[in-house]
Amino acid sequence: TAATTGYRRRRRPCACSCWRTRRSQGSRAATVEEGWARVHNGVAMSSTLSKGALIDGKYEIVDIAGEGGMATVYRAVIRGAAGFARTVAVKRIKPEYRALKNYIDMFVEEARVGSDLAHPNIVQVYDFCVDPQGSYYLVMEWVEGLDLGSYLRAVKEAGEQMSWPLVAGVGIGTLRGLGAAHERRRADGAAAPVIHRDVSPHNVLVGCNGVVKLTDFGLARARDRAASLTAPGTVKGKLSYLAPEVSWGKSATPASDLFSMGLVLWEALSGERVFDGKNDLEVFKKIRACDVPPITDLRPDVPAALSD
């Protein structure tokens, strides 16, 4: 299962808010299917919210789904008449960030932008609430499935490769979600694109039903916001997936999101990151050089329609 908004497991902080998963121990010689099966929900609670706690009087906490540097995501249930129950993801900003205005502003912006992005390939935002202590909660769609980063790790440990038709399918679903964000319009019809700025394997969720969803718009920039939430010269997003122009300090654009998506697809096919290094400086240099080897050098089975 999983959660969305930027969180990895305990041992590796992540950024997602609909679900988070944990991989059990097992043989490295397992098949891809066994590797997938080993990834399951189950991170121990470690926050002030306990099982059974009610958020806004209606969202009952079940367990913790994931934890990142800024927020914690919980699996919760909302109940209604005649036995109605629905699983949701509840993202809560950590208490130590409640007094930091910039973090709160980003969280509020994530809720505002997410509420406008109604698309089957984007994790949906259902509600936004605050408790008497001033903690904000973002209630989101719960995705029963796995993030692409976790799946790629399982594939690599099994000594296999992700098939190119599967990579293409994941890419199409993610790009549909990105397209909806980039083509967003205000109520008056004026263009108001949302730039994700953090397209990476861990923010691509693959549901057990086969539906692919883009998540974690926590770093997104909407063109209809009056003021920027990013200080001049600040680079946002995971380093290895930055577009070269962003690494030079230029503003992110829909094109930079698409470049990041290309890096994700290249990694899914090859099993390696395009821009990787021993430290951030080395990665930055590779990004700015922008030397991307042809994927067919590593995957000769990939058709030209995909590799080009």
Side-chain angles (χ1 to χ4, degrees), residues 1-10 13-23 36-37 39-47 49-68 70-81 83-93 107 110-111 113-129 135-151 170 173-174 176-177 180-181 196 198 201-218 220:
T1 54
T4 46
T5 311
Y7 315 85
R8 257 112 237 165
R9 302 170 259 279
R10 263 326 157 62
C14 162
C16 204
S17 133
C18 258
W19 43 295
R20 233 3 105 188
T21 58
R22 185 180 63 184
R23 185 166 47 80
W36 180 292
V39 184
H40 59 87
N41 184 50
V43 184
M45 288 286 286
S46 65
S47 180
L49 291 183
S50 58
K51 182 177 181 180
L54 282 180
I55 305 301
D56 205 32
K58 54 190 172 183
Y59 302 108
E60 180 183 346
I61 298 298
V62 176
D63 57 21
I64 193 170
E67 189 169 6
M70 174 183 157
T72 304
V73 176
Y74 299 87
R75 180 162 61 102
V77 175
I78 182 171
R79 304 187 189 279
F84 172 86
R86 184 176 195 175
T87 301
V88 295
V90 175
K91 180 181 179 182
R92 175 182 185 253
I93 194 164
F107 201 49
E110 180 180 356
V113 168
S115 67
D116 260 1
L117 297 176
H119 190 275
N121 295 112
I122 294 177
V123 170
Q124 298 298 283
V125 170
Y126 294 147
D127 200 358
F128 191 58
C129 44
S135 288
Y136 286 95
Y137 299 86
L138 185 62
V139 182
M140 307 174 73
E141 175 184 7
W142 178 270
V143 176
E144 222 30 86
L146 192 68
D147 69 84
L148 181 60
S150 296
Y151 178 63
V170 170
T174 309
R176 284 174 176 167
H196 191 283
D198 196 17
H202 287 282
N203 288 335
V204 176
L205 306 182
V206 183
C208 293
N209 58 0
V211 178
V212 177
K213 291 179 181 284
L214 180 64
T215 185
D216 196 1
F217 281 80

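Quick note: residue numbers are just sequence positions, from 1.
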Backbone N/O of [Y] and side chain of [X]: donor-acceptor pair under 3.5 Å:
X      : Y      : answer
Asn121 : Val212 : yes
His196 : Thr215 : yes
Gln124 : Trp142 : no

Indicate the atoms forming the closest heavy-atom contact of [X] with [Y], along with that distance.
X      : Y      : value
Ala89  : Val73  : CB-CG1, 4.2 Å
Ala180 : His119 : CB-CD2, 3.5 Å
His202 : Ser150 : CE1-N, 4.1 Å
Val77  : Ala85  : CG1-CB, 3.9 Å
Leu138 : Ala111 : CD1-CB, 3.5 Å

- [ ] Return the orientation label for the Tyr136 and Phe107 ring planes: parallel under 30°, perpendicular over 60°, tilted otherwise.
- [x]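 Rings of Tyr136 and Phe107: perpendicular, as their planes differ by over 60°.
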TODO: For side-chain contact (heavy atoms from CB on, under 4.5 Å), just list the numbers for Lys51 and Asp63, CA-CA rounded to whole Å, side-chain angles, deciding distance to a tenth of an Å, and then say yes or no.
DONE: CA-CA 6 Å; Lys51 182 177 181 180; Asp63 57 21; over 6 Å; no
When rounded to the nearest 0.5 angstrom, what is the spacing between [atom1] in [X] and [atom2] in [Y]?
X      : Y      : atom1 : atom2 : result
Glu60  : Arg75  : CD    : CZ    : 11.0 Å
Asp147 : Asn203 : CG    : CG    : 8.5 Å
Arg92  : Glu67  : CZ    : CD    : 10.5 Å

Do [X] and [Y] make a side-chain contact, defined as non-hydrogen atoms from C-beta onward lying under 4.5 Å apart?
X      : Y      : value
Tyr59  : Val88  : yes
Cys129 : Ile55  : yes
Asp216 : Glu110 : yes
Val170 : Tyr151 : no

TODO: Kindly indicate, with the supporting measurements, whether the criterion side-chain contact (heavy atoms from CB on, under 4.5 Å) is fulfilled by Tyr74 and Leu49.
DONE: CA-CA 9 Å; Tyr74 299 87; Leu49 291 183; 3.3 Å; yes
Open item on the list: Checking Phe217 against Ile122 for the side-chain contact (heavy atoms from CB on, under 4.5 Å) test, could you report, in this order, the C-alpha distance in whole Å, the side-chain angles of both residues, the deciding distance, and whether it holds?
Closed with: CA-CA 10 Å; Phe217 281 80; Ile122 294 177; 3.8 Å; yes
Open item on the list: Would Asp127 and Lys58 count as a side-chain contact (heavy atoms from CB on, under 4.5 Å) here? Give the steps.
Closed with: CA-CA 11 Å; Asp127 200 358; Lys58 54 190 172 183; 3.4 Å; yes
